[in-house]
Amino acid sequence: MLLLDKIKNKFRLKYRKKRWPGLINAYKQHLPVSSKTPIITLNEGNTPLILSESLSKLIGNGTSVYLKYDGLNPTGSFKDRGMTMAISKAKEEGSEAVICASTGNTSAAAAAYASRGGLKSYVLIPDGFVAQGKLAQALMYGAEIISIKGNFDRALEIVRELSSKYPIDLVNSVNPYRIQGQKTAAFEIIDDLGKSPDWLCIPMGNAGNITAYWLGFNEYKKLKKNLKLPLMMGFQSEGSAPLVKNIVVKNPETIATAIRIGNPVNREKAKIVKKESKGDFQSVTDEEIIYAYKILANEGVFCEPASAASVAGLIKNKNRIQKESTIVCVLTGNGLKDPDCAIKNNDAIFRKNIEPSLKDISTILGY
Ligand SMILES: *Cc1c(COP(=O)(O)O)cnc(C)c1O
């Protein structure tokens, strides 16, 4: 091998390192697993932290805005981080079945990991309010799906009751192993940046993820004493903002179906996160969400509407951000999850019924 090739190869290997083994294997020493835990993994985690040129410019003042693109997990959302843990522990404890209520992504992840681990999965979803991509996943991954004439909050009440009465493990974010798995996203951000961000902007539904990030940042701070902690900025949709308004929303409504939740189970934990981090909870309108959704896609990052709430919230706080801040917006799910939303909300030029003629098409292109 030529010397130059050798150097190039070494350089490439340094960056690629070993094959990513999934987040449990990568962060084992920080997770409640032992040599007896059967690790059910799809090599989740290790998602990219992408510098957004357009958002950094929009916020200005020397600010760097990064996107934690968790939509690149195996089933297309951060739920995989929690589910690899929840299913591994369920299997370790000898469970044969798991159950969850879901606005879509939890059911996709639960179904995938349960099948991978050889467990049966049951998912309860609100009839008509689960995005197409997510429904397709639950159908394909082998869950038994129960679509109810009620919303997410009702579905969760039912599965909590069922799991307390029967030998079925609940894998919603009340399951503490979910939070344990999800905290690894905070580890990855610090590993990538070499520090904590000044702000973390994140959408909130049941508020499990904001709780998990805060846990992750705090655990790393214990190990690396000089680490600062970020302000935790949680965002909800205006029509579904129980944590912002400090109420229970009876009939939550929003285009962002993943966070269409009126009575978050991790309400008390979220309040503590807000207080300890000196952060804030705010709401954004569906219009602001769609605006952010388009800005992201324009830079090549396609997320689902719920995820864009983190960016919509960031934009709203433009004037509060100190100069030269480092900000991370969490993009919780992949845009392909909700194709209907994209097809209805875009500014694309889409010409239809065109004759396949070179001349006609050249004219259309302006040549
Ligand atoms: C589940 C989910 C959320 C909300 O996360 P919580 O932990 O319930 O606050 C946000 N975005 C997407 C895409 C989700 O799937």
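Start at 1 and go down the list; that is how both ligands and their atoms are numbered. Quick caveat: nothing in here was measured; it's all calculated off a predicted structure.
- Remark: ligand 1 atoms within the under-4.0 Å shell around heavy atoms of Ala306 are 11 (N).
- Of the residues Asn209, Leu229, Ile272, Leu200, the one that meets the side-chain contact (heavy atoms from CB on, under 4.5 Å) test with Trp214 is Leu229.
- Counting heavy atoms closer than 4.0 Å to ligand 1, residue Ile259 contributes side-chain atoms (C-beta onward) but none from N, CA, C or O.
- The shortest N/O to N/O separation between Gln182 and ligand 1 does not fall below 3.5 Å.
- The closest non-hydrogen atom to atom 7 (O) of ligand 1, taken over Thr332, Asn266, Leu331, Asn209, comes from Asn209.
- Of all the atoms in ligand 1, the ones that sit under 4.0 Å from a non-hydrogen atom of Glu304 are 13 (C).
- Neither the backbone nor the side chain of Lys337 comes within contact range of ligand 1; no heavy atom lies under 4.0 Å.
- Taking 4.0 Å as the cut-off between side-chain N and carboxylate O, Glu299 and Lys57 do not count as a salt-bridged pair.
- Under a 4.0 Å N-O distance rule, the pair Glu144/Lys120 qualifies as a salt bridge.
- Listed by number with element, the atoms of ligand 1 under 4.0 angstrom from any heavy atom of Ala258 are 12 (C), 13 (C), 14 (C), 15 (O).
- Listed by atom number, the atoms of ligand 1 under 4.0 Å from Lys79 heavy atoms are 1 (C), 2 (C), 3 (C), 14 (C), 15 (O).
- Electrostatic pairing of Asp169 and Lys89 does not count as a salt bridge here, judged by no charged N lying under 4.0 Å from a carboxylate O.
- When only non-hydrogen protein atoms are considered, atom 4 (C) of ligand 1 lies nearest to Gly205 N, 3.6 Å.
- Other residues, nucleotides and ligands contribute only 12 or fewer heavy atoms inside 6.0 Å of the NZ atom of Lys195.
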Next on the checklist: I'd like to know whether Ser173 forms a side chain to side chain donor-acceptor pair (under 3.5 Å) with Arg178, so could you lay out the CA-CA distance, the side-chain angles of the two residues, the decisive distance to 0.1 Å, and finally the verdict.
Outcome noted: CA-CA 6 Å; Ser173 61; Arg178 284 271 312 273; 4.7 Å; no
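- Of all protein heavy atoms, the one closest to atom 8 (O) of ligand 1 is Asn206 N, 2.8 Å.
- Using a cutoff of 4.0 Å between basic side-chain nitrogens and carboxylate oxygens, Glu268 and Lys271 are scored as salt-bridged.
- Using a 4.0 Å heavy-atom cutoff, Ser173 is absent from the residues neighbouring ligand 1.
- Atoms of ligand 1 found under 4.0 Å from any heavy atom of Gly208 (numbered from 1 in listed order, with element): 6 (P), 7 (O), 9 (O).
- For Lys316, the side chain to side chain donor-acceptor pair (under 3.5 Å) partners at least two apart in sequence or on another chain are Glu288.
- Aromatic rings of Phe281 and Phe235 (six-membered ring for Trp) have centroids beyond the 6.0 Å cut-off, not under it.
- With respect to atom 5 (O) of ligand 1, the closest heavy atom belonging to the protein is Phe78 CZ, 3.4 Å.
- Contact atoms of ligand 1 toward Met204: 9 (O) (distance under 4.0 Å to a heavy atom of the residue).
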